[in-house]
Amino acid sequence: MPASKTPIRTPPMFNLAWPLLVELGLAIASSVIGTALASRISDAAGGAFAIASQVSATLFILFRIIGAGVSVVVTQNLGGGQRAAADRVACAVVGASTWLGVVTGLMALLGAHGVLHLLNAPAEVLPLAAPFLQALAPAMLLDAWNASMASVMRAHLRTRDTLVVLVIMHVSHLALALPLMHGWGPIPAMGLPGYAVALAVSRAIGLALHLLMWRVHLHIRVARDDWWRLPRRELGAVLHIGLPGAAENIAWRLAFMVSVATAAELGARSLATQAYVLQLMGGVMMFSIATGLAVEIVVGYLIGAGRLREAHGVVRRSLARGLVVCVLIAACAALLGRWLLGWFTQDQEIIAAGATLLWITVILEPGRTFNLVVINALRAAGDARFPVMAGALSMLLVLAGGSWLLGVVLGWGLPGVWIAYAADEWIRGLIMWRRWQTHAWVPHARASRKRLRPVIVVEG
């Protein structure tokens with residue numbers, strides 16, 4: 001393959017971040033509305049929606065095995081001028097997504113009752129949560145394809161096109177969810193399974209749009225064999241980054257699920273409180289998530305082009321802005337906490353407990369911002385194993401163990417769980433920042449660049 005002689009221009013951070021921010025806002029708004037629709041049925045339904053959604057989100061992390069890796073590998077290839085290699089990787093992840101989606105859907109379908117029992121789902125919640133989780137299984141396969149295709153679109157800097165697809169998906173989902181959940185005319189009320197049916201239909205629409213976008217804008221056509229084929233060479237590069245990235249996400253999610261089980265142990269009211277506050281926290285943290293994703297794309301391009309000093313500067317500036325903004329947003333959410341929680345419930349005990357958790361979030365969010373920005377930068381630089389190795393002990397002892405110790409053993413309840421969240425985020429965040437500041441990631445970045453060199457041969 002001939003190398004590109006044209007210097008790679010770094011994509012502007014703002015141009016990448018704002019569509020990602022809107023995209024995340026839409027996803028969070030959809031989840032908030034879903035929680036509100038479920039809570040209108042009952043607080044037990046709200047808790048069932050929350051715990052089933054957490055299990056679904058945990059299973060979704062398996063898609064990070066592919067999603068995290070494909071974003072980095074494609075951006076590095078594009079940064080190094082290797083478009084054909086990037087396209088081969090894109091097609092390879094379609095087949096991998098098929099297998100991951102099938103496995104994930106079967107886990108939800110066959111293991112719903114067992115997992116919910118393991119999470120101490122309250123007796124009044126379990127009969128609602130189990131069929132809802134099973135109904136989510138078809139959407140998981142569709143989400144696997146959509147997540148991978150969207151990652152490839154973002155790596156090609158088509159963030160606005162990805163946003164268009166997400167807007168259509170979420171609008172169609174909510175437009176269908178309301179009549180299917182609560183009934184409308186001849187349509188019977190299906191409750192929580194209606195939300196899952198609407199989700200599957202909207203994800204099918206999203207898949208069709210992603211295939212169209214790939215063909216029109218990226219000029220990539222997915223062949224029939226690509227839907228199930230697993231090419232070793234292309235997937236090897238993706239898994240080199242994706243497996244450690246997914247392991248870090250899975251380790252955190254499993255530790256976090258201990259805190260969900262802790263909230264469930266405290267009763268249905270505590271589970272509902274946690275569910276409502278977590279929805280609001282999604283809105284608080286979406287700026288940091290968007291910044292982290294944009295940083296990953298930009299740093300991937302810069303590493304592929306061999307511009308390590310610029311990558312370091314991008315991370316420092318992005319982190320500084322992210323810390324300021326996240327604290328301001330968290331403080332605003334805490335000040336408006338009682339009013340915001342009133343969207344979900346009129347139970348004054350739940351509102352008072354949730355308002356306390358939102359004030360703890362003001363302390364929690366800066367630590368989380370370190371993780372969201374710096375871990376994505378480390379992954380884009382090829383230093384993907386360090387975050388999981390360095391953070392695993394904190395996730396196990398501080399997040400999982402601390403939630404149980406403070407919440408149940410010491411009797412602090414949900415505030416104790418949230419204090420454990422904050423301590424874990426700060427411990428891991430400062431470890432990641434030290435890794436970046438001491439340039440320990442540089443050898444990994446050079447190795448990533450070196451892996452591109454055998455392909456970059458100028459013909460003459």
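Computed from a predicted structure; not experimentally measured. Position 1 is the first residue of the sequence, and the numbers go up from there.
Side-chain atoms of V102 and W228, non-hydrogen and from C-beta on, never get closer than 4.5 Å to each other. Looking at heavy atoms from C-beta onward, D383 lies out of side-chain contact with R379 at the 4.5 angstrom threshold. Under the 4.5 Å side-chain criterion, counting only non-hydrogen atoms from C-beta, L271 is not in contact with L266. Here the side chains of S39 and W343 are not in contact, with every heavy-atom distance at 4.5 Å or above. The closest side-chain heavy-atom distance from R253 to M257 is below 4.5 Å. Counting heavy atoms from C-beta outward, L399 and V258 have side chains that stay 4.5 Å or more apart. No side-chain heavy atom of P19 sits under 4.5 Å from any side-chain heavy atom of T162. Side-chain contact check for F370 versus L323: some heavy-atom pair is nearer than 4.5 Å.
The only member of T369, V284, L364 that meets side-chain contact (heavy atoms from CB on, under 4.5 Å) when paired with C326 is T369.
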(message) side-chain contact (heavy atoms from CB on, under 4.5 Å) for S53 and F132? Distances and angles first, verdict last.
(response) CA-CA 9 Å; S53 296; F132 176 48; 4.2 Å; yes
(request) I would like to know whether I351 and D347 meet side-chain contact (heavy atoms from CB on, under 4.5 Å); could you show each step before the answer? (result) CA-CA 6 Å; I351 290 175; D347 188 318; 5.9 Å; no
(request) Could you please spell out the steps behind the side-chain contact (heavy atoms from CB on, under 4.5 Å) verdict for F49 and I41? (result) CA-CA 11 Å; F49 183 91; I41 299 172; over 6 Å; no
(message) Using the rule given for side-chain contact (heavy atoms from CB on, under 4.5 Å), can you reason through W359 versus V362, listing the C-alpha separation, both sets of side-chain angles and the distance that settles it, and then say yes or no?
(response) CA-CA 5 Å; W359 280 110; V362 179; 4.1 Å; yes
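Of all non-hydrogen atoms in V374 and M432, the two that sit nearest each other are CG1-O, 3.4 Å. Minimum interatomic distance between V327 and P366 (heavy atoms only, all atoms of both residues): CG2-CG, 3.5 Å. Nearest approach of A355 to L341, heavy atoms of both residues: N-CD1, 3.4 Å. When all heavy atoms of P193 and M190 are compared, the pair lying nearest together is CD-O, 3.1 Å. The minimum heavy-atom distance between T98 and L141, with the atom names listed, is O-CD1, 3.7 Å. Summarising the geometry of A48 relative to A129, their closest heavy-atom pair is CB-N, 3.7 Å, with the distance given to 0.1 Å.
Judged purely by atom type and a 3.5 angstrom limit, N77 uses its side chain to pair as donor or acceptor with the backbone of V73. Within the 3.5 Å criterion, the main-chain N or O of F287 finds a donor-acceptor partner in the side chain of T291. A donor-acceptor distance shorter than 3.5 angstrom exists from the side chain of S172 to the backbone of I168, with no hydrogens or angles considered. With hydrogens and angles ignored, the 3.5 Å screen pairs no side-chain donor or acceptor of E296 with any backbone N or O of I375. Looking only at distances, no side-chain donor or acceptor of W404 sits under 3.5 Å from a matching main-chain atom of V409.
Every residue meeting the salt bridge (charged side-chain N to carboxylate O under 4.0 Å, His left out) condition with E365, not counting sequence neighbours, appears here in chain and number order: R368. Residues passing the side chain to side chain contact (heavy atoms under 4.5 Å, CB included) test with D87 are R83, H156, I220, sequence neighbours excluded. Under the ring pair (Phe, Tyr, Trp, His ring centres under 6.0 Å) criterion, W227 pairs with W145, sequence neighbours left out. In this structure, the side chain to side chain donor-acceptor pair (under 3.5 Å) partners of S97, at least two apart in sequence or on a different chain, are S148.
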Could you go through residues 416-427 and list every donor-acceptor pair under 3.5 Å that involves a side-chain atom there, pairing it with any protein atom two or more places apart or in another chain?
unit_1, atom_1, unit_2, atom_2, d
W418, NE1, T361, OG1, 3.4
Y421, OH, S259, OG, 2.6
Y421, OH, Q274, NE2, 3.1
D424, OD1, S394, OG, 2.7
D424, OD1, R428, NE, 3.1
D424, OD2, R428, NE, 3.1
D424, OD2, R428, NH2, 3.0
E425, OE1, N371, ND2, 2.8
E425, OE1, R428, NH2, 3.4
W426, NE1, I363, O, 2.8

Name the atoms and distances for all side-chain donor-acceptor pairs under 3.5 Å in residues 195-214, with sequence neighbours left out.
unit_1, atom_1, unit_2, atom_2, d
S202, OG, A198, O, 3.4
S202, OG, L199, O, 2.8
R203, NE, D143, OD1, 3.2
H210, ND1, N146, OD1, 2.9
H210, ND1, G206, O, 3.3
W214, NE1, M149, O, 3.4

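Taking CG of L372 as the start and OG of S288 as the end, the distance is 6.0 Å to the nearest 0.5 Å. Once rounded to the nearest 0.5 Å, the distance linking CE of M153 with CG of L163 reads 11.0 Å. In this structure, T345 OG1 and R269 CZ are separated by 8.5 Å, a value rounded to the nearest 0.5 Å.
Residue-environment remark: CH2 (W412) stays at or below the threshold of 12 foreign heavy atoms within 6.0 Å.
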